[in-house]
Each structure stands twice: as structure tokens, then as C-alpha cells.
Number of protein chains: 2
Amino acid sequence: MRPTTKDLAKAAGVSLATVDRVLNERPGVRPKTVEAVTEAIARIGFVRNQSAANLARQKVYRLAFLLPENGDQFRDALTASIAEARQTLASDAIQIATQAALPNDPHRTADLIAGLSAEDLDGVAIMAPASPQVRDATLRLAQAGVAVVSFVSGQQNDVAFDFVGIDNRAAGATVGRLLGRFAGGQTGKILVVAETMTALDSVERRLGFDQIMTREFPNLTVLPSLETHGREDRAQKIIGHAYRHHNNIVGVYVIATEGRQALSAILKTTDPKRQVIVAHEHTGFTERLLVTGCLDAIIAQSTGHLVRSAVRTLKARIDGQEPIASQERIRIEILLRENLGLPHQS
Amino acid sequence: MRPTTKDLAKAAGVSLATVDRVLNERPGVRPKTVEAVTEAIARIGFVRNQSAANLARQKVYRLAFLLPENGDQFRDALTASIAEARQTLASDAIQIATQAALPNDPHRTADLIAGLSAEDLDGVAIMAPASPQVRDATLRLAQAGVAVVSFVSGQQNDVAFDFVGIDNRAAGATVGRLLGRFAGGQTGKILVVAETMTALDSVERRLGFDQIMTREFPNLTVLPSLETHGREDRAQKIIGHAYRHHNNIVGVYVIATEGRQALSAILKTTDPKRQVIVAHEHTGFTERLLVTGCLDAIIAQSTGHLVRSAVRTLKARIDGQEPIASQERIRIEILLRENLGLPHQS
DNA sequence: CTTGCTTTGAGGTACGTACCTCAAATACAC
DNA sequence: GTGTATTTGAGGTACGTACCTCAAAGCAAG
């Protein structure tokens with residue numbers, strides 16, 4: 001049986017009240033007594049029963065996820081994982097709210113964040129494109145005592161907050177290696193399609209991608225990034241243009257999340273099976289393409305892990321602890337048709 | 001605030017005692033009353049506070065992991081993950097013991113399992129090669145009321161227990177696709193090296209591998225499996241022999257966990273960089289080979305996930321619940337140098 | 001030695017749930 | 001309607017911790 005506060009009191013030769021004062025850093029205890037108690041804690045290996053403490057304290061962790069309002073299937077998957085986490089974690093005194101933030105409008109997003117307060121919130125995970133307004137509002141929120149993580153995308157080089165998401169540079173490098181190997185020594189060009197290169201994630205992915213390509217696959221020439229701006233017509237136009245002007249495109253890297261516009265345009269423009277195509281995130285859309293052989297690989301991050309990691313990180317910060325870095329690293333998953341977890345085909 | 005049992009009692013128009021009887025399935029409640037309470041549960045969205053319940057119940061989940069006594073680095077990683085889980089889960093009233101089982105000796109393993117009882121154990125995760133003796137002892141244990149999962153390797157087609165581990169057939173298929181693509185259309189032979197093909201895991205991996213290779217990569221000929229029996233000298237002998245008799249080996253699939261003997265022998269026999277080599281499990285050994293370019297990819301399963309999944313599954317069974325299948329699927333990870341999680345090289 | 005202050009102890013209540021006992025209420029068979 | 005069995009209610013204690021109050025003990029200065 002684990003030692004309780006009572007055992008601790010006995011071991012330290014003090015009363016329960018004093019133990020309580022020391023544990024909760026209440027005043028009115030001589031340094032010498034504090035030391036005696038901390039010594040006893042170490043000696044008998046006392047660990048506070050967090051459940052009981054939360055129960056007594058009537059503590060609830062009030063967390064929120066701020067996600068872009070409009071979204072692709074990846075965002076929907078995140079929302080679903082959040083809902084699942086809400087269920088699972090409800091019994092651990094963790095309350096999770098989801099809120100939509102406003103994309104493409106940093107001011108309104110900042111306003112929304114500014115409207116939050118420590119009064120009704122202990123921690124937030126924010127998924128928003130980097131912008132000074134959002135950053136300022138977020139910093140103020142953090143200073144007001146709310147735990148903050150930047151989630152999936154955003155200012156990940158920012159030392160002010162924890163970041164929960166994949167290392168995008170490594171993700172880009174992974175795509176590079178995969179594309180290079182799958183291309184099998186051919187000589188040719190690689191098309192890169194993003195939604196917008198103003199997004200930090202895309203920049204970092206491209207960085208990691210280029211690094212590998214120039215170093216390891218000099219036979220492949222990487223073209224400048226095309227930007228769809230999330231519009232199907234534009235995607236069609238620029239991709240059509242690219243294929244008309246380059247006759248030896250052997251691979252495509254779709255940088256943008258899910259990359260629906262880009263992939264749709266490519267399918268209409270050319271035969272996807274005659275080149276190597278890699279895209280990000282596991283959704284119904286990308287899965288279908290992978291299974292039918294139109295996509296060669298998907299680079300993904302598990303939404304379930306993302307959400308759970310964000311929750312653990314926030315909880316640790318709220319409790320004044322340091323998150324366990326090793327556990328919170330989000331894996332860069334490489335998905336082929338065979339390791340999607342689908343039932344076997346005969 | 002979340003509704004409590006008291007709120008539930010009020011909402012259902014019954015007393016706390018009756019609510020308690022319904023919640024804990026104690027006898028002596030009319031079906032009609034049960035229904036009224038369950039209706040109220042749904043209506044007000046009552047969720048039992050698991051922490052408080054565990055506290056009141058003084059419940060501890062006593063779990064144990066039975067791993068092979070002698071082991072490679074993968075087993076060590078499992079042990080480390082178990083130790084980590086022990087720390088993390090201690091506050092959830094989960095006690096975890098690790099025990100060494102005896103490999104290559106089914107009788108002693110079975111004896112050890114037979115020595116366990118529901119008296120001092122609520123659940124066990126067993127990692128042991130399939131054998132009738134072990135299976136019988138395990139079945140008896142399960143009938144004695146101990147929750148059992150077969151862990152990582154073993155009798156995974158066994159409906160009698162839950163299985164926590166990867167789908168080995170899919171893992172083999174994944175290796176197949178990767179090897180095939182990395183080989184880039186070359187014509188040649190693929191060497192397959194196992195520790196022993198009596199292990200169920202290896203058989204299934206080979207099955208999945210062959211299926212893909214014959215269907216998708218007819219240019220590659222897969223050779224019969226070599227068996228090292230875990231002995232370095234034998235590995236050296238059979239692998240040397242293989243390379244002397246086949247002049248166009250373009251790829252190697254090391255089926256066995258970590259595959260230290262096989263890989264060491266290959267490194268001594270031939271230039272690993274001139275062929276595609278894929279092995280299983282992420283350990284210090286395989287990581288070094290991957291980073292130096294001697295290995296092309298590692299197919300891995302996360303020891304942390306394995307352990308946590310086993311714990312969740314056992315806990316669910318002990319609580320009389322069904323494990324959530326979707327959450328417990330262990331991912332087949334594809335690791336390249338770039339997504340290992342190492343710090344960036346400049 | 002007294003005064004005033006700090007430190008400590010003893011004891012209480014509370015959190016939400018489990019589990020127990022005993023009495024009261026109700027239902028049902030005859 | 002009576003007797004009996006079943007169902008329900010009221011109230012208690014417990015789990016480990018937090019937080020409160022009040023009194024007792026300790027200590028230092030005068």
C-alpha cells in the first residue's frame with residue numbers, strides 16, 4: 001500500500017496539520033520542520049494521491065481547444081479526437097471545450113483569444129496561423145495565468161509556449177527521402193504544391209525537404225512551390241500550367257494539409273500512377289487515394305496523440321510541473337496502403 | 001459542475017441508496033426503478049467519478065508483465081516502458097510488476113504461469129512463444145478470474161485472449177511494399193532471414209510479405225527463409241552461403257526482432273549499402289545502422305504504446321468492460337533516418 | 001516571570017463514491 | 001385483511017487529501 005499523509009506524519013514525527021502545511025506550502029512552519037518532512041517524504045517514498053487531492057480541492061481542469069473555423073477533414077478528425085478525449089477524460093476531472101477560431105482574420109482571432117480569461121479557463125490549445133496579433137493576445141493570456149500550448153501549426157519556434165505537433169522540418173525531410181527513394185534513381189523534376197507559403201509549417205516542411213533533396217538526390221530537380229490559396233480553380237490553373245511547361249515531372253509533394261485542391265487538380269491533369277506523389281495527413285480523402293494507388297505515401301500525425309499530448313502538457317503546466325518531453329514527441333507517421341490498419345484483402 | 005450521485009438520486013426521484021444499488025448492480029431493485037435511474041443518468045448526463053470511486057473502493061489493479069528472461073534491446077525497451085508506465089499510472093491505483101519468464105522452455109514457463117493466482121494478481125500480459133503447455137496454463141489462469149492478454153508475440157489468432165501487438169501479416173506486407181519500391185524496378189533476389197520460422201510472428205510476417213511480393217513485384221524473387229536460431233556463427237555460415245550462391249541479391253528482409261545476428265553477419269559478408277535492407281524494431285542497434293545508411297528502413301512498434309495498450313485492455317477486462325478496439329490498434333511504424341526523432345543535422 | 005509572537009497539534013468538515021445496517025414502506029399471495 | 005417477502009430510504013463510516021479553527025506549546029525579549 002502506498003504511504004499516505006498519515007504515514008508521512010508519523011515518519012516525520014509531526015502532526016497531520018504540519019504535513020499539510022508543508023505539502024501545500026502554507027506559512028508558519030520552521031525551516032527545520034520543513035526539512036524534516038521533506039526528508040521523510042524521500043525516505044518513505046511518499047507521493048501525493050492526485051485523485052484524492054483533486055477530489056478534496058474540487059479541482060477541475062478547464063481546457064479548451066481553439067481550432068480554425070473552416071476546415072478540411074483533418075480538422076474534423078481533430079474535432080472528433082477532442083470529443084473522444086472529452087469522454088475519456090471526464091472521469092479525471094478534465095473538462096474540454098472546443099471553440100472555433102477565425103482563420104484568415106488575425107484580428108478577430110486575437111479578439112477571441114483576448115476575450116478568454118483565467119476566470120473560466122485553466123488551459124488552451126491554440127491552432128492558428130502565426131501572426132503578431134494572435135501572438136500578443138496569446139502572450140497576454142499566458143501572463144494572466146492560463147496555460148497555453150500552440151497546437152499542430154503555428155509558432156513552433158516560440159519559446160514562450162509549449163508546442164504540440166510534429167517537427168515539420170523533419171516531416172519535410174521524411175517526404176524527401178521517401179520521394180527520392182520511390183523515384184528509384186530516375187532523373188526528373190519534383191513539383192511542390194502548398195496552400196500558401198506564408199504558413200510557417202509549409203516553410204519548414206519545404207526547408208527539410210530541400211535539404212534532403214539537394215544532398216541525397218541530385219538527379220531530382222525540385223521546382224519552386226506552387227500556391228493554391230485553397231482555391232480549386234487556381235489549383236487547376238497553376239498545376240495545369242506546370243505540367244504543360246515541364247515534361248518530366250516524376251514526383252509531387254503536396255505540402256498542404258490534406259491537399260484536396262492540389263490532388264484533385266493533379267488527378268484531372270495527369271495520370272497519378274506514373275509519378276510518385278506524397279501528401280500529408282490521414283483522412284478519408286487521402287486514404288482513398290492511397291488505396292487506389294493514386295497516392296504513394298501519406299505522412300501523418302495521429303490526431304488522437306495530438307489531442308492527448310496537448311491535454312497532458314496543459315495539465316502538467318497547470319499543476320506547475322514540467323511536461324515529459326520524451327512522451328510528448330509526436331511521431332511522424334509514414335503510411336502506405338499496407339499499414340493503414342485496414343482489414344486484409346485476400 | 002458535473003452531476004453527482006446525489007443529483008442523480010434527486011433527478012430519478014429515488015434515494016442515494018437506490019442509486020448506489022443500480023450503479024453497482026446490487027440486487028433488490030425493481031426493474032422499473034432501475035429503468036427510472038438509467039433514464040435519469042442519460043437525461044442529466046451523469047458520469048461516475050472514477051477517481052472518487054477508486055478512492056472509496058480502495059481498489060488497486062494488480063498487473064504483471066511476463067517477458068522472456070533473456071532478451072535483445074527490444075525487450076529492454078519494453079522493460080523500460082513498463083517501468084515508465086509504473087511511475088505514470090501509480091496515481092491511478094495501478095500497480096505493475098515485471099517478471100521474467102523462461103524462454104525456450106515451455107514447461108518452466110507454464111509452471112511459472114501456473115504459480116500465479118487471482119489472489120495476488122488481477123491481470124497479466126504474457127509475451128511467450130506459442131506452445132500447448134503455456135496455452136493451457138494461461139487458459140487455467142484466465143478461468144481462475146485473472147485477465148490475460150497475449151503481448152507482442154504469441155498466439156494472436158487465439159480468440160480466448162485479447163492480443164496486444166501489431167498485425168504481423170500487415171507488417172510483413174508493409175515491408176514488402178517498402179522493399180519493392182526502394183528496389184526501384186530492379187530484377188533480382190530478396191533474402192529473408194528469421195531467427196526461427198516456428199515462431200508464429202515470423203510465419204505471419206512472411207505470409208504478408210510474400211503476398212505483396214508476388215502480386216506487385218514479380219521482378220523480385222523471394223528466397224526461402226533462412227533461420228539463424230539466434231546464433232551468430234550459424235547466421236554467418238548460412239548468410240555467407242547464400243551470398244556465394246546468389247549473385248544478384250538486391251534486398252534483405254530481416255524478419256526476426258532486432259535481427260542482431262543476421263544484420264551483423266550481413267555487414268561482414270557484403271556491402272549493405274548496395275542493397276535494400278529492412279529490419280524490425282527500433283533499438284539502439286537498429287537505429288545506428290539506419291543512421292549510417294546500412295539499413296534502409298525499420299518497421300517498428302512503439303513499446304510505450306504496447307505497454308499502455310496492454311494496461312488499458314487489462315483494466316477494461318478487470319472492470320468487466322470491452323476494450324475500445326479502435327484505440328488499441330498498435331500502429332506499424334515505418335522509420336527512416338528522418339523521422340526517428342533525432343535532432344537535425346545542419 | 002510575564003508578554004507577545006510563532007509554531008505545532010488536535011480535531012473538525014468536505015469532496016464523490018462504495019458499502020454496510022436497520023427500519024420503514026410497499027407489493028403480493030393467500 | 002393478514003402475513004411475508006421484496007423493495008426502498010435514511011443514515012452511518014470509509015478512502016486520501018485539503019482547508020479550517022482553536023488551543024496548546026515553544027520561544028524570545030523585556
Side-chain angles (χ1 to χ4, degrees), chain A residues 1-41 44-62 89-95 318-320, chain B residues 1-41 44-62 89-95 318-320:
Chain A
M1 205 71 275
R2 268 175 48 205
T4 70
T5 41
K6 219 176 266 180
D7 302 324
L8 180 55
K10 204 175 295 170
V14 298
S15 74
L16 247 174
T18 301
V19 162
D20 179 67
R21 290 183 185 108
V22 174
L23 283 180
N24 297 293
E25 298 174 52
R26 277 185 255 280
V29 186
R30 274 184 309 174
K32 208 174 159 183
T33 314
V34 174
E35 201 185 333
V37 174
T38 46
E39 180 274 330
I41 289 176
I44 68 171
F46 171 83
V47 214
R48 193 204 236 92
N49 182 329
Q50 198 63 49
S51 311
N54 288 341
L55 181 60
R57 234 189 227 120
Q58 280 284 76
K59 166 126 199 164
V60 279
Y61 298 86
R62 296 159 307 166
L89 299 172
S91 53
D92 295 330
I94 295 178
Q95 286 178 356
I318 293 166
D319 289 341
Chain B
M1 205 70 276
R2 271 183 37 213
T4 71
T5 41
K6 219 176 265 181
D7 302 324
L8 180 55
K10 204 176 296 170
V14 299
S15 74
L16 247 174
T18 301
V19 161
D20 179 69
R21 290 183 185 109
V22 173
L23 283 179
N24 298 292
E25 298 176 50
R26 275 185 256 280
V29 187
R30 273 185 310 174
K32 209 174 159 182
T33 314
V34 174
E35 200 184 333
V37 174
T38 46
E39 180 274 331
I41 289 177
I44 68 171
F46 171 84
V47 212
R48 193 206 237 93
N49 182 330
Q50 198 63 51
S51 311
N54 287 341
L55 183 61
R57 230 189 228 125
Q58 278 286 77
K59 166 124 198 165
V60 279
Y61 297 86
R62 297 159 308 167
L89 298 173
S91 54
D92 295 332
I94 296 178
Q95 286 179 355
I318 292 166
D319 289 341

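Letters go in sequence order (proteins before strands), and every chain restarts at 1. Side chains are part of it too, since the values below use all heavy atoms of this structure and drop only hydrogens, waters and symmetry mates.
The CD-P distance, from Glu35(A) to dT7(C), rounds to 16 Å in whole Å. Look at CG on Leu55(B): it is 4 Å from C1' on dC15(D), rounded to the nearest Å. Regarding Asn54(B), its CG atom lies at a distance of 15 Å from the C1' atom of dC15(C), rounded to whole Å.
In terms of phosphate contacts, Gln58(A) brings a side-chain nitrogen or oxygen within less than 4.0 Å of OP1 or OP2 of dG16(C). Regarding contacts with the backbone of dG9(D), a side-chain N or O of Ser15(B) is found under 4.0 angstrom from either OP1 or OP2. At the phosphate of dT17(D), neither OP1 nor OP2 sits under 4.0 Å from any side-chain N or O atom of Asn49(A). Of the side-chain N and O atoms in Arg57(A), one or more sit less than 4.0 angstrom from OP1 or OP2 of dA18(D).
Where Leu16(A) and Asp20(B) meet DNA chain C, the nucleotide closest to each residue was compared, and Leu16(A) sits on the side nearer the 5' end. Taking the nucleotide of DNA chain D with the nearest heavy atom to each of Gly28(B) and Arg26(A), the more 5' of the two is matched to Gly28(B).
Between the CZ atom of Arg21(A) and the CG atom of Leu16(A) there is a distance of 10.5 Å, given to the nearest 0.5 Å.
At the heavy-atom level, Ala53(A) lies under 4.0 Å from the strands shown only through sugar-phosphate atoms.
Of the candidates dA18(D), dT8(D), dG9(C), dG9(C) carries the atom nearest the Thr18(A) side chain, counting heavy atoms from C-beta on. Of the listed nucleotides (dG16(C), dA18(D), dA18(C)), dG16(C) has the atom at the smallest distance from the side chain of Ala52(B).
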